[in-house]
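Everything on this sheet refers to the single structure shown next.
Just so it is clear, the values below take in all heavy atoms, side chains as well, and ignore hydrogens, waters and symmetry mates. All values reported here derive from a predicted model rather than from experimental measurement.
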Amino acid sequence: MSSQNQGETTEAQLAVHWKEEELIQPPPSFIAQANVADPGIFERFSEKNFPECYHEYANLLDWYKPWTKTLDTSNPPFWKWFVGGELNVCYNCVDRHLATNRNKTALHFVPEPEQEPIQHVTYQELWVRVNEFAALLRDVCGLKKGDRVTLHLPMTAELPITMLACARLGVIHSQVFSGFSGQACGERIADSQSRVLITMDAYYRGGKLLDHKKLADIAVDKSKDEGVVPEKVLIWQRYPGKYSSETPLIPGRDFIINELLPDLRGRRVEPEHMGSTDPLFLMYTSGSTGRPKACQHSTGGYLAYVTGTSKYIQDIHPEDVYWCMADIGWITGHSYIVYGPLALGASSVVYEGVPTFPDAGRPWRIAEDLGVNIFHTSPTAIRALRRAGEDLPLKYNHHFKHMTTVGEPIEPAVWHWYYDVIGKKEAVIVDTWWQTETGGFLCSTVPALQAMKPGSGGPGIPGIYPVIFDDEGNELPAGSGKAGNICIRNPWPGLMQTIWGDPDRMVRVYFDRYCKNPNSKDWRDWPYVAGDGAVFAADGYFRILGRIDDVINVAGHRLGTKELESAALNVPEVAEAAAIPVPDELKGRVPELYVSLKPGYKASPELSQRIAQALSDTIGPIARPKNVWIVPDMPKTRSGKIMRRVLTAISTKSNTGDITTLANPDVVEEIRKTVQG
Ligand code: WT7
C-alpha cells in the first residue's frame, strides 16, 4: 500500500504544522457526574490485564450463554472475541430496557421541516415496531440468519428500526449512505449478494423533498448488470399512507412496507440466539485500490466495544439525551447513534436534514427543545456552523456536558470556538480518532481523567496500545517530533472480522506491512496498520495528520482516488484522470480532478461540467470535484506513472520539486498556466 505512494505528496506532508497546544482541564461539573472518574481504569486496562480487561465491556451486555474464551488468536489476524458466547443485539438495545424504561424515549426523530412535529419513539413503541417489521422480513420475505440485505435509507426512525429488526433475526444489514448514488448502492447489493433492498420513497434535505425511490431502480439495474438480482425492494413511506415518489412500483418486486404492516399488527418475533462471532453488519468504505470494500463487523465483540466506549468515552448515562449529528449511513452512526447509545438505554436523536437548515441556529433549537446534553459532530459541521454565525449559539439556552469531534483533524481555532461558543466552556470535549474498520474509538482522552488538547486526539483509550512506526519499521518514540504511520499493537473487540468476500485483502491492507513473522500466532507480531500519518507527542497524545494511502478524506468521509478516477474514465472523451486532495476551508479536503482527453476532443466548460457530474452520479454528490482541469497531458515518470505530487503542488500553488526526471517535464508549465492563469 505504501510502496506505490513513495515520492508522492501525502496528506501528512500537506498537513499544517500546528504548534503544541496547552492542556485544558475538564470542567469540575463534568467530573462530578462522569461514568469514569477513577484512574484505576488505566491499571485495569493495562497490557498485563489484556485481553481479560474487556470483560468489563462484555459484562455491560446480557448474554444468553456466557463465552468460554475471551480471545482466540489461533488464526491471525482473524481474531475472535468472546468465543462460545451467545447474545442478540436487538434484545440488548431494546427488549432489556422494557422492564424499567418502557415509557422512555429511545429515538427522537427530528424531521427537517421545522413545522413538522418531532416524533418521540419510546422503548415500548420501538419494540413493537421492530417486532412487526422483523415479522415482515421473516414471514413475507423469507429472510433468515446469515442472509444479507442492503439498506439505502435516509435519516428517519425507520433506519434504526430496520437495522434492529435485521439484528433480531440475525440478518446481516449493509446500510449504504443515502447520499450515495443508485449505482454505488447497486454495486454494494451485488458485492454483498443481498436478497432484498430496503429503501424509502423520499426524504427532506436542504428544504427539498428528494425522490429517493428512483435511486432504487438504478441500484437494482446496476446490481443485475453485475449478476445479482434482488428478490424484493421494500419501500418505507416518508409520510405513511402517501407514496411520495414519481417512479412506478414494479409488480412482484416493489412493496410498500406501510401497506404490509397492518397485517402484521401485534406480531412478536423471538430474538435469534446469535453466536458472538456471527456477523452483525457490513459497512463499505473506500480504500487505495478499486472498489469500496465491506468491513464485516461481529455481534458480541462489536456490541461490547461500542457499548463500553459509549459509556466510558461518550459518558452516556441512561438519563442522557444524546445527539450525534453524523449520518447512520456511516460507521459513526451505526456505533454511536444506534448500537452504543441504545444498548445503554439512552435517548438518541435522529435528525433528518442539514445542520444549517433553515439557518445555523437549528441545531441549538433542537438541543434546547429536547434537552440534549451530549453533542457529537465533525469538524466540517463545526466549521460550517461557525461561518454562519460566530455568536449565534450563545443566543440559545442549550447546555452540553460533553461534546465530541470526529472524522478529521480539527484546527485549534475551530476547536476553541467549539469549546467557547457551542460548549459555553461548560462541556468537556473528546476528539475521537478511529475508522470504519475499527468499529469504535481508538484514540481519545478519557473525559474526566485526562486533559483536553486542542487539535490532538489524545492517547490510546484504555485497552488500546498505539505505536508509530517509520517507513523502515522502527518505532518512533514519544516526543520524537517525527511523523510516522500509526498502528495499534493489540487486537480489540471492535475490530472488523474480515473484508467481506476477500479475506486476503484484510491481511494485505491492514497487517502485512509491519508483521515480522506471518506464521506467528502471537498477537504481538500483528500490528494493525491504520493508514494514517500521526505524530506522538512527549505527553503521550497523538496528533493525526491524515491518510497515507490514496484516500481523500472529504468532510470526514473517505473517497478513494481510484474510485473518482474510474468514474471520470466513463466519460467517453476522457483518456486519463488523476484525483488529488486540495485543502478546503469548510470540508478540510476536497478532490480536484485532472483529465487529459482522447485525440480529436477539445476542452470546454461544458465538458468539465459533464465530468464533474459523472463523479456525482456514479458515487454521490460528496464526490463532486472542486475543479476539473482539462490538461494536454499528465506529468509522468519515465515508466508512465502519473505524478500526482506534481499536480497537487500546482493545485495548491506550492513547489513542484524536482521535475527534471519526468518523461515530459515541459507539460508542467503548461498545466500551471491552465490552473493558475
Ligand atoms: C479516517 C477514517 C471515525 C469515524 C468516521 C470516519 C480520519 C477519523 C479522526 C480524528 C483526525 C480522523 C482518519 C481515519 N479521522 N477521526 N478524530 N482526527 N482524523 O470513518 O470514513 O472510516 O475514516 O478518518 O484519516 O483514517 P472513516
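- The existence of a salt bridge linking Arg365 and Asp359 is confirmed by a sub-4.0 Å separation between a basic side-chain nitrogen and an acidic carboxylate oxygen.
- A salt bridge links Arg253 to Asp217: at least one charged side-chain nitrogen sits closer than 4.0 Å to a carboxylate oxygen.
- Salt-bridge formation is not detected for the pair Arg547/Asp550: no Lys NZ or Arg NE/NH1/NH2 atom is positioned less than 4.0 Å from an Asp or Glu carboxylate oxygen.
- In this structure a side-chain-to-backbone donor-acceptor pair under 3.5 Å is missing from Ser616 to Arg624.
- The shortest non-hydrogen separation linking Pro379 to Val406 is CD-O, 3.3 Å.
- A pairwise comparison of heavy atoms in Ser651 and Val582 identifies CB-CG1, 3.5 Å as the closest pair.
- Between the side chains of Asp191 and Tyr284, a donor-acceptor pair is found at a separation under 3.5 Å.
- Note that CG of Leu159 and CD1 of Ile161 are 9.5 Å apart. Values are rounded to the nearest 0.5 Å.
- Across all their heavy atoms, Ala360 and Trp364 have their closest contact at O-NE1, 3.3 Å.
- Ion pair Glu112/Arg205 not flagged as a salt bridge, since none of the NZ, NE, NH1 or NH2 atoms sits closer than 4.0 Å to an Asp/Glu carboxylate oxygen.
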Residue pair Leu597, Leu607: steps toward the side chain to side chain contact (heavy atoms under 4.5 Å, CB included) verdict
CA-CA 10 Å; Leu597 303 180; Leu607 179 55; 3.7 Å; yes

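- Within 6.0 Å of NZ on Lys214 lie no more than 12 heavy atoms contributed by other residues, nucleotides or ligands.
- How far CG of Leu385 is from CG of Leu586: 10.0 Å, rounded to the nearest 0.5 Å.
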Applying side chain to side chain contact (heavy atoms under 4.5 Å, CB included), run through Tyr204 and Leu210 and close with a yes or a no.
CA-CA 6 Å; Tyr204 268 101; Leu210 306 180; over 6 Å; no

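- One N or O on the side chain of Asn553 and one on the backbone of Gly407 form a donor-acceptor pair closer than 3.5 Å.
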Step-by-step salt bridge (Lys or Arg N to Asp or Glu O under 4.0 Å) determination, Asp201 to Lys242
CA-CA 9 Å; Asp201 54 357; Lys242 177 170 172 242; over 6 Å; no

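- When side chains are defined from C-beta on, His416 counts as touching Pro454, because their heavy atoms get closer than 4.5 Å.
- Considering only residues two or more places apart in sequence or on other chains, Thr637 meets the side-chain contact (heavy atoms from CB on, under 4.5 Å) condition with Ser639, Lys641, Met643.
- The ring of His173 has its center no closer than 6.0 angstrom to the ring center of His297.
- When only modelled atom types and interatomic distance are considered, Thr432 and Tyr336 share no side-chain donor-acceptor pair under 3.5 Å.
- For His557 and Trp330, the gap between ring centers is short of 6.0 Å.
- Residues Tyr339 and Met163 have side chains in contact (heavy-atom distance under 4.5 Å, counting atoms from C-beta outward).
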Under the side chain to side chain contact (heavy atoms under 4.5 Å, CB included) rule, what do Leu197 and Cys185 come out as? Steps first, then yes or no, please.
CA-CA 9 Å; Leu197 169 63; Cys185 177; 4.0 Å; yes

Determine whether Lys673 and Glu670 satisfy the following criterion, salt bridge (Lys or Arg N to Asp or Glu O under 4.0 Å), listing intermediate values before the conclusion.
CA-CA 5 Å; Lys673 278 202 202 107; Glu670 274 185 73; over 6 Å; no

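- Considering every non-hydrogen atom in both Ala578 and Ile642, the closest pair reads CB-CG2, 3.9 Å.
- Glu187 and Lys293 are not joined by a salt bridge, as no carboxylate oxygen comes within less than 4.0 angstrom of a charged side-chain nitrogen.
- Ion pair Glu565/Arg644 flagged as a salt bridge, since at least one NZ, NE, NH1 or NH2 atom sits closer than 4.0 Å to an Asp/Glu carboxylate oxygen.
- The distance from atom CG of Leu442 to atom CD1 of Ile486, rounded to the nearest 0.5 Å, is 8.0 Å.
- For the residue pair Glu116 and Pro111, the shortest heavy atom distance occurs at OE1-CB, 3.4 Å.
- No hydrogens or angles considered: a donor-acceptor pair under 3.5 Å links the side chains of Glu437 and Tyr510.
- Neither side chain, Ser378 nor Thr380, offers a donor N or O lying under 3.5 Å from an acceptor on the other.
- In this structure, the side chains of Trp323 and His376 stay at 4.5 Å or more apart for every pair of heavy atoms.
- By the salt bridge (charged side-chain N to carboxylate O under 4.0 Å, His left out) test, Arg383 pairs with Glu408, Glu411, sequence neighbours left out.
- Cation-pi geometry between Lys598 and Tyr601 is not satisfied (NZ or CZ under 6.0 Å from the ring centre, within 45° of the ring normal).
- Here the side chains of Val338 and His334 are not in contact, with every heavy-atom distance at 4.5 Å or above.
- Thr405 has its side chain out of reach of Thr377: every pair of non-hydrogen atoms, C-beta onward, lies at least 4.5 Å apart.
- Taking CD1 from Ile328 and OG from Ser348, the interatomic distance works out to 7.0 Å, rounded to the nearest 0.5 Å.
- In this structure, Lys636 and Leu662 have side chains that are not in contact, with every pair of non-hydrogen atoms separated by 4.5 Å or more.
- Aromatic ring centres of His212 and His152: separated by under 6.0 Å.
- A 6.0 Å sphere centred on CD of Glu246 holds no more than 12 heavy atoms belonging to other residues, nucleotides or ligands.
- Here the side chains of Asp584 and Arg589 are not in contact, with every heavy-atom distance at 4.5 Å or above.
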Between Lys626 and Glu592, is a salt bridge (Lys or Arg N to Asp or Glu O under 4.0 Å) present by the stated rule, with each step listed?
CA-CA 5 Å; Lys626 190 168 205 165; Glu592 194 153 280; over 6 Å; no

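- Under the 3.5 Å distance criterion, with hydrogens and angles disregarded, a donor-acceptor pair is assigned to the side chains of Trp433 and Asp532.
- In summary, the side chains of Glu158 and Tyr203 do not present any donor paired with an acceptor at a separation below 3.5 Å, with no hydrogens or angles considered.
- Between Lys602 and Glu573 no salt bridge is recorded (no basic side-chain N to carboxylate O distance below 4.0 Å).
- In this structure, CG on Leu647 lies 6.0 Å from CD1 on Ile580, to the nearest 0.5 angstrom.
- Residues Ala577 and Leu569 come closest through the heavy atom pair N-CD2, 4.1 Å.
- Taking the side chain as every heavy atom from C-beta outward, Trp629 and Ile671 never approach each other to under 4.5 Å.
- Only one option out of Ile659, Asp658, Val667 pairs with Val646 in a side-chain contact (heavy atoms from CB on, under 4.5 Å); it is Ile659.
- The line from OG of Ser654 to CZ of Arg645 is 10.0 Å long, rounded to the nearest 0.5 Å.
- With hydrogens and angles left out, the side-chain atoms of Ser245 and Asp211 include a donor and acceptor closer than 3.5 Å.
- When the ring-ring contact (aromatic ring centres under 6.0 Å, His included) test is applied to Tyr418, no partner is found at least two apart in sequence or on another chain.
- In this structure, Trp434 has its ring center no closer than 6.0 Å to that of Phe542.
- Heavy atoms of other residues, nucleotides or ligands lying less than 6.0 angstrom from CD of Glu585 number 12 at most.
- Side-chain contact of Glu576 with Ser596: a donor-acceptor pair under 3.5 Å is present, judged by distance alone.
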